[in-house]
Asker: 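Below is a structure I'd like to ask you about.
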Amino acid sequence: MLLDWITARLPLRLFTEEQQAGLRNLTDRIQRYCPQTGEVKFESQAWDSIRSDSHQVVFRVGSTDFWLQGSPARAIGDGDAVFSSGPAAALDVPGCVDRMINVLFAGIGPHLKPVATRNAWIVTRVDVTGNLLLGSLSEVRDALRLLRNVEGGRYKVSNQAGDTVYWSAKSRLQAGKAYAKGPHLSYLMKKKDYDGRRYSDAELDQASRLLRLELRLGREFFLRAEPWHTLTKSYLVSLWENYFGRMLGGCEVKTDNELLENCISAATTPGQGRSAYALWCLIKSEGWERAQNMTNKRTWYHNLKILRASGLGDADFSAGNVVHLRRKIIEVTLATSWADIKRVA
DNA sequence: CCGGCTTCACGCGCTTTGTG
DNA sequence: CACAAAGCGCGTGAAGCCGG
């Protein structure tokens, strides 16, 4: 598990006058790029954001606070955002904040670094992320397909970089997200302006078996919780497990002994009905994606049509997956490093 | 010959990529 | 930036293949 994102702010009054002026200077320079150069500058509520030289930590100067945010993983070690290392991998929030502050002010000017202690910063968002290692990309996709149908999932599916499932995306308290890490990495690396760590082909291949589960703790969470710098690793882990445990639980196996007969009567001939039922068994044992991959395309659709005509709906297909995936998920421990993957492989 | 499976060609809706 | 072209997964009908 690792910390994937942190947002923190520090009241501007904790900077010296000179530092405040310097920071505002930075935003002024950026404002020139704005076509509407009216007289309203940083007085307005709109914040200017500037990317630090490193592109690892981003900051902005608001009217009352200085904000910083970014992925601690990318500011630590070799920038590995899959597993990370150091404080990000240790779920050490204060350590990550320290690190991000150092990286940021090294980039924009050490003289701008506030003298205020680290704990004076106010953390408003932390992403806790786990990597679940499954058998293959197909299984990862199946897991996503399943999670999408989980009870209470007010989900929205995005197709931008492989499938992503969101829960309560707009919540200020906590929200969840699941996606396949492999396609996401390839997508990132293909982008022209990608300047992060380069992942090897072997790593990309291994990452394709990872199901990424992200828990975002938002502003509201930190208002209610203990002071952010006292959050322990075990507490963060338990939050994550509670949140996603609920998702991974609540699935129910459904068996239908009459299905075979339904298939036979739904098909034009008994033989087709039987083979449609055989396909259902295959889906149950191998999962949707694998079953599809190992079946001829036309046969697949043909038998699927019979299965649907026999009363099976999409939810049932997902339920068919459940048996398989739940077993897998329990079997498989969290992967915490590249070495973990190799060991299992 | 029959029944089931496979091959082929294509339409649709959507996203990505290329180009002026 | 707009628009076209290409790619991709889903899904279908029709015709051919092949073992019993």
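In what follows, chains carry the letters A, B, and so on, assigned in the order in which the sequence lines appear, proteins first and then strands, with residues in each chain numbered from 1.
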Asker: Is the backbone of A:Trp67 close enough, under 3.5 Å, to the side chain of A:Asp65 for a donor and an acceptor to pair up by distance?
Answerer: no
Asker: Assess whether a salt bridge exists between A:Asp127 and A:Lys177, defined as any Lys/Arg side-chain N lying under 4.0 Å from an Asp/Glu carboxylate O.
Answerer: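 A salt bridge is absent here (no side-chain N lies under 4.0 Å from a carboxylate O).
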Asker: Starting from the first five and the last five pairs of the helix from B:dC1-C:dG20 to B:dG20-C:dC1, work out the angle between the resulting helix axes, to 10 degrees.
Answerer: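 Inter-axis angle at the termini of the helix from B:dC1-C:dG20 to B:dG20-C:dC1: 30°.
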Asker: Just N and O in the side chain of A:Gln292: are any of them under 4.0 Å from OP1 or OP2 of C:dC10?
Answerer: yes
Asker: A:Asn293 has an atom CG; how far is it from atom C1' of C:dG9, in whole Å?
Answerer: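 My rounded result for the distance is 12 Å.
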Asker: Under 3.5 Å, which protein N or O atoms sit close to an N or O of nucleotides 5-9 of chain B? Give each pair with its distance.
Answerer:
from  : atom 1 : to       : atom 2 : distance (Å)
B:dC5 : OP2    : A:Ser275 : OG     : 3.4
B:dT6 : OP2    : A:Thr299 : OG1    : 2.5
B:dT7 : OP2    : A:Asn296 : ND2    : 3.3

Asker: Evaluate the ring planes of A:Phe15 and A:Trp121, with Trp represented by its six-membered ring, and classify them as parallel (under 30°), tilted (30 to 60°) or perpendicular (over 60°).
Answerer: perpendicular
Asker: Please lay out, stage by stage, how A:Leu2 and A:Asn131 fare under the test side-chain contact (heavy atoms from CB on, under 4.5 Å).
Answerer: CA-CA 9 Å; A:Leu2 70 142; A:Asn131 292 299; 4.0 Å; yes
Asker: How close do A:Leu304 and A:Trp288 get, heavy atom to heavy atom, and via which atoms?
Answerer: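 Heavy-atom minimum between the residues: CD2-CH2, 3.9 Å.
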Asker: Just the rounded figure in Å: distance from P of B:dG4 to CG of A:Leu279.
Answerer: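 So the two atoms are 15 Å apart, to the nearest Å.
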Asker: Over how many whole Å does the gap from A:Trp300 atom CH2 to C:dT12 atom P extend?
Answerer: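 Rounded to whole Å, this separation is 13 Å.
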Asker: Round to the nearest Å and state the distance from A:Arg274 atom CZ to B:dG4 atom P.
Answerer: 8 Å
Asker: For residues A:Tyr179 and A:Glu214, report the shortest heavy-atom separation together with the two atoms involved.
Answerer: OH-OE2, 2.8 Å
Asker: Quickly work out the A:Tyr301 OH to C:dT12 C1' distance and round it to whole Å.
Answerer: 10 Å
Asker: Has A:Gln19 got a side-chain atom pairing as donor or acceptor with A:Lys113's backbone, closer than 3.5 angstrom?
Answerer: yes
Asker: If Ile, Leu, Val, Met, Phe, Trp and Tyr residues are connected whenever their side-chain heavy atoms lie under 4.5 Å apart, and connections chain through other members, are A:Val126 and A:Ile122 in the same group?
Answerer: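 No; A:Ile122 is not reachable from A:Val126 via cluster members.
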